[in-house]
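Here the structure comes first, spelled out in structure tokens, and everything after it is commentary.
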Amino acid sequence: MLPQGYEDWLRHKADNEVNKYQVKVLEDGRRIQKESEKIKVGDVVEVEEDETFPCDLILLQSSRDDDTCFVTTASLDGESNHKTHYTVPDIEKDLESLNATIECEQPQPDLYKFVGRMHIDKNDQEPAVRSLGPENLLLKGATLKNTQKIYGVAVYTGMETKMALNYQGKSQKRSAVEKSINAFLLVYLCILVSKALVCTTLKYVWQSKDGQDEPWYNEKTQREKDTNLYLKMFTDFLSFMVLFNFIIPVSMYVTVEMQKFLGSFFITWDKDFFDPEIQEGALVNTSDLNEELGQVEYVFTDKTGTLTQNNMEFIECCIDGFQYKYRDASSELDGFCVTDGPVSKLQQKAGREKEELFLRALCLCHTVQVKESTDQGQSQQDGLIDQVDGLEVDAGLFHPPQEQRGFIASSPDEVALVKGAMRYGFTFLGLESKTMKILNRNNDVEMYELLHVLNFDPVRRRMSVIVRSKSGDTLLFCKGADSSIFPRVRQEEVERIRMHVERNATEGYRTLCVAYKILSAEEYAQADAGLRDARLALQDREEKLMTVYNQVETGMSLIGATAVEDRLQEEAAETMEALQGAGIKVWVLTGDKMETAKSTCYACRLFQRNTELLELTVRTLEDGERSREVRLHELLLEYHKKAVQDAPPVKAGVNRSWSSAGQDYGFIIDGATLSMVLNNSPESNSSRYKNLFLQICQNCTSVLCCRMAPLQKAQIVKMVKNSKGSPITLSIGDGANDVSMILEAHVGIGIKGKEGRQAVRNSDYAVPKLKHLKKLLLAHGHLYYVRIAHLVQYFFYKNLCFILPQFLYQFFCGYSQQPLYDAAYLTMYNICFTSMPILAYSLLEQHICIEVLLDNATLYREIAKNAVLRWGTFLYWTVLGVFHGLLFFFGVRFLFSNPALQDNGQVFGNWSYGTIVFTVLVFTVTLKLALDTRHWTWINHFVIWGSLAFYVFFSFFWGGIIWPFLRQQRLYFVFANMLSSVSAWLVIILLILLSLLPEILLVVFRKPRGPHARQKKMVQSSVGGHQSPRSSARPLLMRTFSDESNTVI
Amino acid sequence: MMASSYNAKDEDGHITVTGPGGGTLRSKKPENTAFKQQRLPAWQPILTAGTVLPAFFIIGLIFIPIGIGLYVTSNNIKEFEVDYTGVDMSSPCFNCSQNFSWNSTTPCTCTIPFFLEQPYESNVFMYYGLSNFYQNHRRYVKSRDDSQLNGDMTSLKEPSKECEPYAYHDNKPIAPCGAIANSMFNDTLELFYNDPNGTKVQIPLTNIGIAWWTDKHVKFKNPGAGEANQNLTAVFQGTTKPLNWRRPVYELDAAANNNGFINEDFIVWMRTAALPTFRKLYRIIKSPSNGMMPTMPRGNYTLEVVYNYPVRSFEGRKRMILSTISWMGGKNPFLGIAYITVGSVCFFLGVVLLIIHHKCGNRNNSADISN
């Protein structure tokens, strides 16, 4: 209980940080500080740059001139780009005189929907009504960017905010080990009850014989005689229960708690988890789940900030079929170099004109804004301009220092492209009153008038700009996904570039194609008119705009393609590979676009080149003319046939081999389709879809779910969690959008990333980087699992062989509940004599050393599916306990057939009997643990030999004094007298040895670990095969016996 | 490449603050101690056939001789046992057992002749054995008051509740109280040697040294033990004898150092037996000081029993046992047999393992070569 209390207290402290931080609220024209939890609906809140919004706000006023503000919702939905939000139109500048009422819908979890109205009361006028949409709503958890200050009015607070509605209640998580413990406990409870029942029954059978119940030498008291027979039976039953209750290892719970609590420190202490960047190590929020880390079967990972650094980098481009790859140390004058790709025209370059056109396109075709440099943090608008001017001077140098130039864009790709162009000599200087300035290679500033921006949208999957150059040409630059550009350009150009694009795509880069077209005056006029009309249209604005866009963006000529890398986290691919090697299935759940996510999956080697992708997205559902449901049904059946029915039957159980299957499948689904699969409730189909979907997914190597809302992520986790075999799931994420999935999974891991602390706070464990997951699972998880599993089994075992002799003794004492051991021994057994060695073992044991565990991911599979706590091993330990119990009792029983054991002819009594049994017991269970210990640190030595020494010391002490507070001096000099008897010594040695003999035999036949495992690895790597680690170099005997003894770990 | 850099970072663990901020950065970097990094130096024993095989042989080689020694020793111990319960009509004690009554004032005596086929050398220990007597019954075991037996005056006058229903009689406290004391074995056994020349010689029996030394000298004390010229009769004034006793506790023995609570017969009885069939040391027959003569030569003996102790009501049995004692205690073949068995099993296993070891070793070698 204590550890949990401590963890709760830590959590409470963290909660205070969130709920009690100071925010500025305008009240009666004054600005006052309030604790964030005290904000009420209707308060006007002031938020400054880089602060997060304390509640959902309607934007009233922004410090920017254009009545907009930028926010990033990275911690909400994982999109880290800057989104533009607008103030309520036509609102007074003076907030003090604003008198308005807001009507809004009931709180709902959808982050992208909001409907409301604002009635602005002006003195003596009709109240003006403004409609409010999601563009006016600033969500709690989002962060204000590139805007100095905003004022907003709180509409939803506390649990009604959209973030809170997407948050799932935290429930106490219980690990699979605890569930096994409870199952075992039930068995032992049954044993306990049946023992008590047997004894009670036999007692009354025995007593029914003449003279047994109450012989003359042992009369009952008057009260006992008067008691009702049935009541007596009942009390007898209860007494037996009390006598045998030690079989239920109550102390195990204490030890397990201690082990978990103390053990979790090893995670916090691990310096491999320390990240020098953020100067922090791992964090353990709950210690209840340590061992669950060793049981993970499914990993659900967020993409943005978890798999990727969310940091785009321009890698290469292809201009007119020639590949350009940027190299820092390029010897060529202009910073270009041509790498020899698969293109046959080696060492050739596109014409200079084309190059420049392409780079201009990159510089112009975007919605990037130049941000003031952050290192000075100036607060005035003038300062910004100064800074930009200053940059112009800097830009005269060959490499303008990039750190000083911040770009802000709705998509990180655009920033990467602009930066890429900058490296090739074309620098985007900024947009000032509809004029885009570019610094070209010759350090001349080129000016372009921005006429129109044809915005990006996910259906068109491209965006365009129409600009007018100094020379008066009207140009349209368009960039977009290959699939949306290729049909709109001249076909003869496509082939040259397609090759590059495809190659880049398989390497995990995000590719974009760039095209342009020169608009004649008439064409422009027509387009201009069309766009203006469409923008002003009141009905079907979207569709009208779309048609105009489609009209304009035709007949372009392709100039090139770009490849941008979404930089993966350090060792992301290695980590994913290790996880897959460990038999863990990795699912990527992201709110991001499918293309982006897919390329990340390729880059992380979750999808490989030969992986066949099964796609179930809005796009694949829409190619037919039939309804989506029909199409969905068809596709599901088709994929199911492919992935499940035709797949070679994979052997269930320990060998979950994913690599041996002939074909790898990857599955892709998006949020909209998922909700169709999960939620089309009216028919009974939904559960069938769900099953089909689940079966397909489970047969796929990896699954990608994109465009997920936070709750959908949790839904998926829940679905897998509750599927057949209830696999152990782990979620890892870094943003607030991952919180629900972190809470839903068995184990939630937060990454201490850039996107706030939401995930960390709600997680069970937090690590600084994704790469730490490998050690957390493969080493820590594995060890914790083996340790606690052994601890549990050992506890059941040691209590069984503790209490079995006591049970057997009842047959020899007239079923009178006479305890075999002294009360002191009964209490001390679990507390002092045998608790410390197992605690030390369960904290320090490394049956395989950490390096080997990290190098051989396959070792993780050996403990999969709770392998050490299956019924087989439980049975083994129980049988062992019974064997030891029988041996102890009857060994001493035969010795006591003549109780004259001392060389002076004196006899031993019942307490000597118990003490001998107990001595054998304490030594045997301790030495049994010693045999199981593979990793003897000085602590183990100290504790194991120390406990034994303590037992001897205690027994002398306990029996050496007449204790005034004791009613009976039962053990007075019993131990000393026992030691003076040679026979007692001999029987103790004999019984200890005999009980450990089978154990030693098994240990010999068991697979070796530790140093030998390392040897094994060496041999394996020299052979070079990917064989199972138990192939060769197993010492001698193991080979013949290991397979039978495998169950015995 | 990644991996190597990772390893490199692994080693430079001692650099604590390298953050960009520098200065007074409070580093949370975990300490790089062996304990915290789970890198404590450890001995990693691997039990393999190679290491265990010699152990098996050694165990076998040690245990078998010990076992033989134990077995021979046990066999050399001479033990004679006679059942004098008097169940059969033919038994000399039949009458006594039949006509038993707690109130009879005249003791019933019976005489059992027996013949020792071997002479018993050195000290001979005389035990009485009871069967089907549950001295280890819970109600019985706890029915005593150790502080009373330790000489505590208040406990003498107010025996513990545990002694019920043997705590008070006629409103007087019972001393010693409790079921154990109440049921103390009170048969008197005497041995006579029937000399071939016709005389019947009583064999001297010692009743000192039959109880544990610590029990006699520390655990059991007469009340008022420290006082000079102690009068037991006076001390026990106001108490009553246990119901089934014929004499009060201060008349158990004539010798002052063996009277009252420190009477050794009483102390022996108070150490409750472990099993329902048990023996307790009754007397010791010391070997004659000249050492040439056996303590009990071969010949005819007579056991004279004053039959006070009823056992037939619970189908018990009473025995008299004569036994010599060795360094391992009384006669018990179990230990010797067990040691011999375990030793042989170990040895046998050692042999089997050696054969397997040898065969497998060869096969593996060839397999490796073929690879």
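It should be emphasised that the depicted structure is a prediction, and the values quoted were computed from it without experimental measurement.
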Selection from B/Asp215, B/Leu335, B/Leu349 maximising heavy-atom pairs under 4.5 Å formed with chain A: B/Leu335

Nearest-0.5 Å distance, CD of residue A/Gln818 to NE2 of residue B/His137: 9.5 Å

Expected output: side-chain B/Lys219 to main-chain A/Gln969 donor-acceptor under 3.5 Å: yes

Region of B/Glu79 that comes under 4.5 Å of a non-hydrogen atom in chain A: side chain

4.5 Å side-chain heavy-atom contact, B/Tyr339 and A/Ile989: yes

Interface moiety of B/Phe56 toward chain A, non-hydrogen atoms closer than 4.5 Å: side chain

Donor-acceptor contact below 3.5 Å, side chain A/Gln968 vs main chain B/Lys142: yes

Heavy-atom proximity to chain A below 4.5 Å, by part of B/Leu40: both

Part of B/Ile59 within contact of chain A (heavy atom distance under 4.5 Å): side chain

Interatomic spacing from NZ in A/Lys271 to OG1 in B/Thr33 - rounded to 0.5 Å: 10.0 Å

Chain A contact via B/Leu53 - side chain, backbone, both or neither, heavy atoms under 4.5 Å: neither

Ion pair A/Glu214/B/Arg139, N-O distance below 4.0 Å: no

Which atoms of B/Pro276 approach chain A - backbone, side chain, both or neither, heavy atom under 4.5 Å: both

Interatomic spacing from CG in B/Leu275 to CG in A/Asn910 - rounded to 0.5 Å: 9.0 Å

Pair A/Asn904-B/Ile284, side-chain contact (heavy atoms from CB on, under 4.5 Å): steps then yes or no: CA-CA 10 Å; A/Asn904 55 7; B/Ile284 302 170; over 6 Å; no

Aromatic ring pairing A/Trp206/B/Tyr134, orientation class (parallel under 30°, perpendicular over 60°, tilted between): perpendicular

Winner by heavy-atom pair count (cut-off under 4.5 Å) against chain B, out of A/Leu844, A/Thr937, A/Leu783, A/Val982: A/Thr937

Region of B/Ser326 that comes under 4.5 Å of a non-hydrogen atom in chain A: backbone

Note, B/Met328 side chain near A/Ser983 side chain (heavy atom, < 4.5 Å): yes

Nearest heavy-atom neighbours spanning A/Arg967 and B/Ser160: CD-OG, 3.9 Å

Shortest non-hydrogen contact between A/Val974 and B/Trp212, atoms and distance: CA-CZ3, 3.9 Å

Residue pair B/Pro45 / A/Thr933: nearest heavy atoms and the distance that separates them: CG-O, 4.2 Å

Heavy-atom check, side chain of B/Gln37 versus side chain of A/Asp270, under 4.5 Å: yes

Heavy-atom contact with chain A under 4.5 Å, split by part of B/Ala273: backbone

Flag, side chain of A/Ser816 to backbone of B/Arg138, donor-acceptor distance under 3.5 Å: yes

B/Arg279 side chain to A/Pro899 backbone, donor-acceptor under 3.5 Å: no

Partner chain A: residue of B/Glu162, B/Met184, B/Lys280 with the largest heavy-atom pair count (under 4.5 Å): B/Glu162

Proximity breakdown for B/Ile180 and chain A, heavy-atom pairs closer than 4.5 Å: neither

Centroid-centroid under 6.0 Å between A/Trp269 and B/Phe35 rings: yes

Heavy-atom proximity to chain B below 4.5 Å, by part of A/Gln906: both

Contact origin within B/Leu70 toward chain A - heavy atom pairs under 4.5 Å: side chain

Which atoms of B/Asn123 approach chain A - backbone, side chain, both or neither, heavy atom under 4.5 Å: neither

Aromatic ring proximity B/Tyr309/A/Trp216, centre distance under 6.0 Å: yes

Heavy-atom side-chain proximity of A/Val907 to B/Phe278 below 4.5 angstrom: no

B/Asp146 side, atom CG; A/Leu966 side, atom CG - distance, nearest 0.5 Å: 9.5 Å

Interchain contact, A/Thr221 with chain B, by part (heavy-atom threshold 4.5 Å): both

Atom group of B/Tyr166 that falls short of 4.5 Å from chain A, counting heavy atoms: side chain

Side chain, backbone, both or neither of B/Ala34 within contact of chain A (heavy atoms, under 4.5 Å): neither

Whether B/Asn136 side chain and A/Phe812 backbone form a donor-acceptor pair below 3.5 Å: yes

A/Tyr217 ring center within less than 6.0 Å of B/Phe314 ring center: yes

Distance in Å, A/Trp936 CH2 paired with B/Gln44 CD, rounded so as to fall on 0.5 Å steps: 12.5 Å

Side chain, backbone, both or neither of B/Val141 within contact of chain A (heavy atoms, under 4.5 Å): both

Main-chain N/O of A/Leu895 paired to B/Asn332 side chain as donor or acceptor, under 3.5 Å: yes

